[in-house]
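Below, read A as the first sequence line, B as the second, and so on, with proteins coming before strands; counting in each chain starts at 1. What you see below is based on every heavy atom in this structure, not just the backbone, and it leaves out hydrogens, waters and symmetry mates. Note that this is a predicted model, so its numbers are computed, not measured.
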There are 2 protein chains.
Amino acid sequence: MLEEEKNTEKTILEAAKRVFLAKGFDGARMQEIADEAKINKSLVHYYFRSKDKLFDAIFEEAFSQFIPKVAETMASDKDIFEKITIFVDTYIEMFINNPHIPTFILHEINRNPDRIVDLLKNSKINPSLFVVSIMQEMQNGAIKPLHPLHLIINMISLCVFPFAAKPIIKGFILNNDEALFNQFIAERKKEVTAFIIRSIKN
Amino acid sequence: MLEEEKNTEKTILEAAKRVFLAKGFDGARMQEIADEAKINKSLVHYYFRSKDKLFDAIFEEAFSQFIPKVAETMASDKDIFEKITIFVDTYIEMFINNPHIPTFILHEINRNPDRIVDLLKNSKINPSLFVVSIMQEMQNGAIKPLHPLHLIINMISLCVFPFAAKPIIKGFILNNDEALFNQFIAERKKEVTAFIIRSIKN
DNA sequence: ACTTGGTTAATCTAAATGGTTAAACCAGTT
DNA sequence: AACTGGTTTAACCATTTAGATTAACCAAGT
């Protein structure tokens, strides 16, 4: 068994993931997925029956991959500033490695909001844990009074949005220079963490 | 001429805008646009020839509608804190009235990055104006030292993302309660402005 | 009443696309 | 060599969809 002779099912899944992530469900074509996997289109149906089922398979995988890290960070007993630092770092790092995820998810949640909400509800992610820890830090005076939910959404916004808006940022501001964009993103880990902490620290 | 007897072209444009914004180019169907406009599908082709041309028509309109306000704010001679306040207010207000715009644009820029970049380049929006004004305020000590570009992206992130992520926020955190979400968004105008200014003010 | 320019609707077409079928293939087993 | 279970391929089918065609309609002008 050669190294490149990977099993077909996995090959299809990986190809499907690339195509679905780049084009979304409606924009993706079964033929394109087959081409991407360099196999016959029938094989895609043979292994996954339908476009919907194939999509479900990659969606859950693509979405779930970043849940554990986030859940872990939020549940730890580090102080809030460390939590924020780790959160921003891991989040941004993950999107560096999966740059299509933000746009993909933001688009697909409109087609089927329940799917993602169910996945989240069945996950280990529990925002109220983080809310409690924010309120404790507020009470003991470590951070300024603020709405915990807004802080959480602010954190996620600052991490996610630049990836979703990459073509605009890169094309309009950074002269279409990929290296400049990468540099910009690299800077962001420290920049965003500092931005948030400066805003909330007492 | 009755009030409801609007001209057909405009009726089509409005219907097309609703459908394209909700479903994206790939997800939209000419038949659905015709149904939405309560007219015969042929009329859509009669007035706009092709799906592409119709899309171009609504895209430019949908995108351009929020350029003037932003440009105006950025070019004014108010101090930076006022600029930020106005920017956040008008941006969020506009998305309250056009909630689908964020997801729509973030998705469509992947299909055709150049289109939007060209629109921006031909617009009155000039980020370097704002960059200059940020650097001046830094020099005269009004705000802390920071990368102007990151500040700009932060501002936009905080305004745009919550709308793009609405189904998640509403479904996962706010128990699917539309009123709660509207309240959350309403709070955000003040919350985001305060969050930013706290972070940068000296 | 008839013509004319523009508008609307019904019908048709060609291509794309998701999915099925049936046959070929191939590795291992007897 | 023949059988067997699973895999792969090419050919095919049914439906959807963008778009073209053609005829009906309608208001204004003559």
Side-chain angles (χ1 to χ4, degrees), chain A residues 1-62 100 104 107-108 110-112 115, chain B residues 1-62 100 104 107-108 110-112 115:
Chain A
M1 194 208 295
L2 291 174
E3 187 54 40
E4 14 180 340
E5 262 260 354
K6 278 192 278 186
N7 95 5
T8 313
E9 192 172 328
K10 204 156 209 170
T11 310
I12 296 174
L13 267 178
E14 282 163 9
K17 200 171 161 182
R18 284 194 295 274
V19 175
F20 276 133
L21 279 170
K23 310 246 175 132
F25 180 86
D26 292 322
R29 297 286 166 259
M30 294 300 266
Q31 185 60 58
E32 194 184 348
I33 291 170
D35 292 347
E36 176 81 18
K38 283 169 192 147
I39 49 142
N40 190 285
K41 178 166 78 82
S42 301
L43 268 190
V44 184
H45 284 98
Y46 177 74
Y47 280 97
F48 293 94
R49 242 339 334 116
S50 72
K51 191 182 180 185
D52 271 291
K53 294 225 175 73
L54 178 57
F55 184 80
D56 284 347
I58 72 102
F59 187 85
E60 187 158 344
E61 198 210 317
H100 282 295
F104 173 72
H107 180 72
E108 294 301 331
N110 278 317
R111 270 201 331 124
N112 188 347
R115 186 196 337 242
Chain B
M1 193 208 294
L2 292 173
E3 188 52 41
E4 12 181 340
E5 261 260 355
K6 276 192 278 189
N7 92 6
T8 313
E9 192 172 328
K10 205 155 209 173
T11 310
I12 296 174
L13 267 178
E14 283 163 8
K17 200 169 161 185
R18 284 194 294 275
V19 174
F20 276 132
L21 279 170
K23 310 245 174 130
F25 181 85
D26 291 323
R29 297 286 165 260
M30 294 299 266
Q31 184 60 59
E32 195 184 347
I33 292 170
D35 292 348
E36 177 79 20
K38 284 170 192 146
I39 49 139
N40 191 285
K41 179 166 80 79
S42 303
L43 271 189
V44 184
H45 283 97
Y46 177 76
Y47 280 98
F48 293 93
R49 201 110 214 128
S50 72
K51 190 182 180 185
D52 272 291
K53 295 224 174 72
L54 177 56
F55 184 80
D56 284 346
I58 73 102
F59 187 85
E60 188 159 343
E61 198 211 317
H100 282 296
F104 173 73
H107 180 72
E108 294 301 331
N110 278 317
R111 271 200 330 125
N112 189 348
R115 182 194 340 238

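For the pair His45(A) NE2 and dT8(D) C1', the interatomic distance rounds to 15 Å; values are reported in whole Å. Across the protein-nucleic acid pair, Met30(A) atom CE and dA16(C) atom C1' stand 14 Å apart, rounded to whole Å. Rounded to an integer number of Å, the gap from Ile39(A) CD1 to dA10(D) P is 12 Å. One interatomic measurement links the two molecules: NZ of Lys51(B) to P of dT17(D), which rounds to 9 Å at whole-angstrom precision. Following rounding to the nearest Å, Leu43(A) (CG) and dC25(C) (C1') show an atom-to-atom distance of 12 Å. Atom OH in Tyr46(B) sits about 16 Å away from atom P in dT22(D), given to the nearest Å. If you measure from atom NZ of Lys41(A) to atom C1' of dT7(D), you get 17 Å, rounded to the nearest angstrom. Taking atom CG on Asn40(B) and atom C1' on dA24(D), their separation rounds to 12 Å, with Å as the unit.
For the OP1/OP2 pair of dT8(C) and a distance below 4.0 Å, the side-chain nitrogens and oxygens of Thr8(B) include at least one atom meeting the criterion. For the pair Arg29(B) and dA18(D), the criterion of a side-chain N or O lying under 4.0 Å from OP1 or OP2 is met.
Residue Phe48(B) is out of contact with every strand shown, counting any heavy-atom pair closer than 4.0 Å. Contact annotation for Ala34(B): no contact, since no heavy-atom pair falls under 4.0 Å across all strands.
Salt bridge Glu14(B)/Lys17(B): absent, no basic N to carboxylate O contact under 4.0 Å.
The listed nucleotides are dT8(D), dT11(C), dG19(C); the one nearest the side chain of Ser42(B) is dT11(C).
In this structure, Lys23(B) and Asp26(A) have side chains that are not in contact, with every pair of non-hydrogen atoms separated by 4.5 Å or more.
Because its NZ or CZ atom is not both nearer than 6.0 Å to the ring centre of Phe55(B) and within 45° of the ring axis, Arg115(B) does not count as a cation-pi partner of that residue.
With a 6.0 Å radius and a threshold of 12 heavy atoms from other residues, nucleotides or ligands, Glu60(B) has its CD atom at or below the threshold.
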